[in-house]
Novice: 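Sending over a structure as structure tokens; questions will come in a sec.
Per chain, numbering begins at 1; letters A, B, ... match sequence-line order.
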Amino acid sequence: MYKEYKQLNLSQTGKEILEYWKENKIFEKSISNRSASKPYTFYEGPPSANGMPGIHHVMSRSIKDIFCRYKTLKGFQVKRKGGWDTHGLPIELAVEKKLGITKDDIGKKISVEDYNAACRTEVMKYTDVWNDLTEKMGYWVDLNNPYVTYQNEYIETLWWILKEFYNKDLLYKGYTVQPYSPAAGTGLSSHELNQPGTYKMLKDTSIVAQFRLKNNQVHPLIPALFDDEAEDTVILAWTTTPWTLPANCALAVGNQITYVKVKTFNQYTYQPVSVILAKDLIGKYFKKEGENASFQDYKEGDKIIPWNITGEFKGSDLLNLRYHQLMPYVDDENLEKNAFRVISADFVTTEDGTGIVHTASVFGADDFRACRENNVPSVMVTDEKGNEFPLVNKQGKFVDEITDFAGRFVKEEYYSDEERKDPDFRPTDVLIAIKLKEDNKAFDVKKYEHSYPHCWRTDKPILYYPLDSWFIKTTAVKDRMVELNKGINWKPESTGTGRFGNWLENLVDWNLSRSRYWGTPLPIWRSQDGSEECCIGSIEELNNGIKKSVEAGFMDAAFEINDMHRPYVDDVILVSPTGKKMFREADLIDVWFDSGAMPYAQWHFPFENKEEFKNAYPADFIAEGVDQTRGWFFTLHAIAVMLNETSDVIKEINTEIGNKGVAFKNVVSNGLVLDKNGNKMSKRLGNGIDPFDTIEKYSADASRWYMISNAAPWDNLKFNIEGIDEVRRKFFGTLHNTYSFFSLYANIDGFKYQEEEIENSERPEIDRWILSLLNSLSQEVDSYYADFEPTKAARAIQNFVDENLSNWYVRLCRRRFWKGDYSSDKISAYQTLYTCLNTVTKLMSPIAPFFSDRLFLDLNAVTGKELVESVHLADFPVCNESLVDKALEERMALAQDISSMILSLRKKVGINVRQPLGKALIPVLDSTFKDKVDKVKDLILSETNIKEIEYILDTSGIISKKVRPNFKALGPKVGKDMKLVAEKLTNLQQQEIALFEREEKFKIEGSDYTIELQDVEILAEDVPGWQVTSLGRLTVALDITLTDELLQEGISRELVNRIQNLRKELNFEVTDKINVRVENHPYITQAVKNNLLYICAETLAESFVLDNETAKGEKIIIENNEFTILITKA
RNA sequence: AGUCCCAUAGCUCAGCCUGGUUAGAGCACUACACUGAUAAUGUAGGGGUCAGCAGUUCAAAUCUGCUUGGGACUACCA
């Protein structure tokens, strides 16, 4: 017996199937059943286990799951090792919050050891919750042997990778400009900078400085810039941080910006000067009244300063102009040669300032980049050891070399309140402004209020400051990364070429350093003078180093390293080749390096598992949110490309497996899950959706199906809980009903698929049709999955189940299941419907793993046709081309259209379907059309309750035709006369159309155009005198004459209908035979006599008596005629 | 601020790459029908300035540019 269900409960089904999977180890079998020689590799992007999972995790993990399950069905062995991302700032912050401490307390109130121990505990706090979600949502991933980024083995692989880079000079120490808080003495991450309240309004002294051009240089613009040797021509540049002016090393212009040279006077010194600034900004510095005013009449102190434009240039013309250093405290040969010149930069605008940006390479991130790109050296001081330092020290004070301001804080906020209250106190910026004014180097000085970031701990403004950091020289392999990216299949493509491609094009070196505690330590040891250093690539190497150190007497012999985190590794002192002590560089590395290295580290490669690694490299498929583009996707790619360049082991393996050096071949980047109004879900708004509630209430299957079918993965999903319910009703409900229908009758007839498979050619048209569609569907769904288009797959399956299988096949075939003997037609129907259901379970199983398995198991429990324990162990359906019949699909579509049109006509004239009608008329304009319709005629007739279809031939002359222009064909021919031609054609008279058809061409009056038949479509639009309707090229007319015979048949059907209702009301089994007594009402007498056999057969009546007396039984009404009827079980 | 994505019926989405004159589907709504799939099903109906403006074209939801709104990422700037 096929299992029958009272109603559909997807949530319950999910729980039961989950138990079944566990008991029977289905997941394990889905891997062990497949050959290891056919691997399909998936990498799990490790979630951070320190937060609760949200509904968006169901989304991204559904996508991962779908393709892994699909590939399993396709015969691949798909291992999926789980993983946990365990390092990083969020964990540190969670611990600090929990313990009620700040970073300052680390090493004071709490030891680094205890702190890190707390992190280790914290990070796995939510593991159980995550594992629970993973199971309940049906995500198959190996949770028993996950990789964990804090484990020693994992870290050891990271060290190995870093050493490979180090050996090829791809790891270096350098400066980067970072937000830095002198008051707190620490760099700040962008995360810290984005805390609420860090950006505050600040009033700063802003200066427009005059950078004097050298008049003795060789440059094409010199004649235009200097009228004579005495002329003082300067470039104007604006700054809100005057303290950076001593460090000025370049001026940046925009290539496309227009600049002008303006002759005028300095407002402070009254000296004549020629200034260069952006044309758009003239109005900001010069009064209209002064334009072209007399220079002779100008007197010192005049409010109106005369000016006039004497030249105009593009930014690109100004490039490489050299100027005198503005504040020459620090200078050298290299600077004179390569600095103090005009460069171009893309960030220059004409919105503020002068359109020329003062650039101090070490005090601004943009500046730093622009200078590096243009090979402009930085203005730095050098200590006795030859180390370079910026002009401002780490306390935020000018160094001694800046004689006039030495020892002064660069920001006035760094002075105490008392100092600032002193009436003689002058901020350093103001002192600089005064000096520049005196030196005739300031063009304009003003207070300027702007938003500026502050340190969230000290509340003082931050500086952009160069800090020592370790970098990976990703720029060295940039071209290779760009090149290899082109071979990666991105879904959607635009993310790969756009977001990711652009990112690679603008690649900068990867700043690895993090000044933190809980993370992978940088394995670099340095002597104190920085002259010697080494990079450790394994635990063994470290232990050897420790041994030597013990021998050298630097370390205690009892020292043992068991944990590769801080503080333990910090206690290791190594011996340099010359016998000096080397200490570990205190930095941790970026956590993104942890996750990007997972292809190697998850296997502890190359220390162990070489084979496992080789078999699982690179990934065939990965999937994460689009926010990982510059995160995990990038680090995976970067590390893979660089290892291919640096590591012999990796190169060898890549050569062997034919990998050019990528970490993944296909990548799906999914969009966000928003709330139903399109807002981002957040704790603050309280609009988040709890995945556990959703799964409990609506099931994992419906949730997954909803998310996948509703929008393409890479489009943002507006998550509406009602949508899940719709999916349940629409799709799962329909499928479940179809199965219920099947099981009801299959159980009655004892269909167990024991009979021989009925030859396709022996099956009726409608069976061959649905099987044709089914095979087309298999093919289609297969290619959608293969193309990483799950949404299209889901929609195709859903459309098949709803529209074709349920709404047409089952509806039209109902009689075949309940009527008559267990004939070959009936068996054919069962076999066909069974095959459809069984195939659909496999097609849908990647998306809805629970329900599909239940359906599959229920079907096969009876037939035993498939020898596997789960749909997930089955093979993906293969399209049998010989069963695909496009012509059949086409004519069935025709049947559907014609039926629908006839029903629509019935509706219009108010004759319901139970009343048979004599005939429908269909105009045929070509012979193939008639053949097509003829083959599906019976379906149309029974569906619409019509006796006959009559074809009206063209020659009968009763069809009224219409010409419809084929614009695509006419376009090139008539061009702009289209309107006229189209109107003429549309309004052609019947005789004209006939003429057109006979001659196969038609001349348009009043023009030279001769229209041919292929330029138009001629269709039958009307059959005058009949009820007619049209759809596209189809036209159908209905004969609504009711003969006595038809009327009586109609009455018989009504009678049958009432008897069936009674059977049901009385709760008779569908197989019960009955006896019927009906009051002999004149309305039905003749109808019963004429159609007695029909009525009895339909209602399973063994006897049918028209009784003249009785009034017992139920009262029924047909067309206002009332009479009684009594049915009893026979 | 820059880059990218998105905008079609009350809601969720097709269509756009490759332009063709009546822009589709489902849900919701209304009416009717069906009643041996029945907590199911069918038919019909209303509902759209295809975000706006401009351009290219005989013809634009579709191609181009700009604007507006939403989102993402990057940056935080003299």
Novice: Heavy atoms only, 4.0 Å cut-off, all strands: where does A:G971 land among base, sugar-phosphate and nothing?
Specialist: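 It contacts base atoms.
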
Novice: Using the P atom as the point on both nucleotides, what is the distance between B:C53 and B:U3, in whole Å?
Specialist: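 It comes out at 25 Å once rounded to the nearest Å.
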
Novice: Show your reasoning for whether ring pair (Phe, Tyr, Trp, His ring centres under 6.0 Å) applies to A:F817 and A:F742.
Specialist: CA-CA 8 Å; A:F817 291 91; A:F742 168 82; 7.4 Å; no

Novice: Give none if B:C76 has no partner; otherwise give the nucleotide forming a Watson-Crick or G-U wobble pair with it, both distances under 3.5 Å.
Specialist: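 Base partner found: none.
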
Novice: Which nucleotide wins on minimum distance to the side chain of A:E726, given the candidates B:A37, B:G26, B:G20?
Specialist: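 When the side chain of A:E726 is considered, B:G26 is the closest of B:A37, B:G26, B:G20.
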
Novice: By nearest atom, which of the nucleotides B:G36, B:U41, B:A39 is closest to the A:N807 side chain?
Specialist: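 Selected nucleotide (nearest to the side chain): B:U41.
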
Novice: Considering only side-chain heavy atoms of A:N710, which listed nucleotide, B:U12, B:U43, B:G26, is closest?
Specialist: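 Between B:U12, B:U43, B:G26, the one nearest the side chain of A:N710 would be B:U12.
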
Novice: Which nucleotide, if any, forms a Watson-Crick or G-U wobble pair with B:A9, using both distances under 3.5 Å?
Specialist: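 Its partner is none (no Watson-Crick or G-U wobble pair with both distances under 3.5 Å).
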
Novice: Ignoring the backbone of A:T734, work out which of B:U41, B:A39, B:C27 is nearest its side chain.
Specialist: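 Comparing B:U41, B:A39, B:C27 against the side chain of A:T734, the answer is B:U41.
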
Novice: From the list B:U22, B:A37, B:C76, which nucleotide is the closest neighbour of the side chain of A:Y464?
Specialist: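 Taking heavy atoms from C-beta onward, the closest nucleotide is B:C76.
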
Novice: Measure the acute angle between the ring planes of A:Y745 and A:W818, then classify it against the limits of 30° and 60° as parallel, tilted or perpendicular.
Specialist: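 Answer is tilted, since the angle falls between 30° and 60°.
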
Novice: Heavy atoms from C-beta onward define the side chain here; which of B:C13, B:A44, B:G36 lies closest to that of A:S900?
Specialist: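 Out of B:C13, B:A44, B:G36, the nucleotide with an atom closest to A:S900's side chain is B:A44.
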
Novice: Quote, to the nearest angstrom, the C1' distance that separates B:U67 from B:G42.
Specialist: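 That atom pair is separated by 47 Å.
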
Novice: Take A:S669 and A:K491 through the side chain to side chain donor-acceptor pair (under 3.5 Å) test and state the conclusion after the steps.
Specialist: CA-CA 6 Å; A:S669 71; A:K491 296 301 277 193; over 6 Å; no

Novice: Quick one: look up who B:G47 pairs with, Watson-Crick or G-U, both distances under 3.5 Å, and put none if it's unpaired.
Specialist: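 Checking every strand shown, B:G47 finds no partner, since no pair has both distances under 3.5 Å.
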
Novice: Given B:U22, B:C13, B:G36, which nucleotide is nearest the side-chain atoms of A:R1063?
Specialist: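 So the side chain of A:R1063 is nearest to B:G36.
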
Novice: Would you mind telling me which of B:A37, B:G26, B:G20 lies closest to the side-chain atoms of A:M978?
Specialist: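 In terms of side-chain proximity for A:M978, the closest of B:A37, B:G26, B:G20 is B:G20.
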
